[in-house]
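Structure, as structure tokens:
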Amino acid sequence: MRVAFLGLGIMGSRMAANLVRSGFELTVWNRTESKAREFGDRHRATVAATPAEAAAGAAAVITMLVDGSQVETVLRAAAPGPDTLVIDCSTIGPTAALEIAAEFPAVRFLDAPVTGSSPRAEDATLTIMVGGESADFERGRPLLEAMGRLIVHAGPLGHGQMVKLINNSVAAANAAVVAESLLVGAKAGLDLDALSQVMAAGSGGSAMLELKAEPMRRHDYTTLFKLEHMLKDVRLCLEEGQRLGAPFQFAALTREILTAAAGRGHGDDDFAALIEPLEGAAGIRL
Ligand code: NAP
């Protein structure tokens, strides 16, 4: 199957590499062309100069960009032909996914955002939550299975996006709680190794404790998932909640913490950097 892959950032480059490894015939495009050429040098893929060149004759077009307006602009430029399967893996929210799908009525559209940062994109163990019709999901399944391990058909178009927004808001709120727990512990003069060890073994444990406590303690914000992208996801979740009349107060609080961290210049850092404004508030540096 010939596949066009548009967007070779932290996640897209790794996901596209796994499609090549699984034997798909790939044509790639990236806004910054040097990254696409570098990808083409390292993997068996054709490099296209434009989204349209990548999509021409492709049975499927996969996008991995940042937000809805980028996906819309790039898909307009790609102009996928009738019956092309378009799989958008970016996190753009359900409203944007539905609007974009409506703009391309002749194509088959799946929203398929992913969770798991770059290490899981690298080893093809992402979780992928998919919205769309069952027949389209089945058509896209071999591609999705080449990039992820747990592939969940969440429901109709947009439901993959909504699941993703809720999941990331929980993760972000959780990361903020982990940060504050470390700060309270430090102020109490605790051995933070002991605190982390006990929490990890019981009801205080979480994926965020496991993944982000150490980077927070070392102030190592090597980017696995950009803070500004996490802020986008929490903001989109709150917008959906507001539209539905469903409050999500912990997400709202976390949005402000992420905003404060972005305001301190950490937008491109990993979202572990949300500890920075919390350290400021606590008057302590780990
Ligand atoms: P990234 O490293 O910043 O890559 C973004 C990609 O979008 C790059 O290919 C970039 O091209 C392209 N792009 C940015 N602005 C563009 C524009 N105006 N027009 C066309 N292309 C544009 O981001 P990422 O971490 O791969 O994340 C991609 C998506 O996955 C986001 O929606 C994010 O929320 C989601 N996500 C990320 C993670 C994670 O852990 N990183 C996990 C799950 C989901 P250039 O190379 O030219 O900049």
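Whatever order the structure lists them in is the order used to number ligands and atoms, beginning at 1.
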Nitrogen or oxygen atoms of [X] and ligand 1 under 3.5 Å apart:
| X | result |
| --- | --- |
| S90 | no |
| T32 | yes |
| Q70 | yes |
| G7 | no |
| N30 | yes |
| V74 | no |
| W29 | no |
| C89 | no |
| G116 | no |

- Message: Using a 4.0 Å cut-off to any heavy atom of K232, which atoms of ligand 1 qualify?
- Response: 31 (C), 32 (O), 33 (C), 34 (O)
- Task: List every atom of ligand 1 that sits less than 4.0 Å from any heavy atom of K35, numbering the atoms from 1 in the order shown and giving each element.
- Result: 45 (P), 46 (O), 48 (O)
- Task: Report the nearest protein non-hydrogen atom to atom 42 (C) of ligand 1: residue, atom name, distance rounded to 0.1 Å.
- Result: M11 CE, 3.5 Å
- Message: Just to confirm my output: which protein heavy-atom neighbour is closest to atom 3 (O) of ligand 1, and how far is it?
- Response: K226 NZ, 2.6 Å
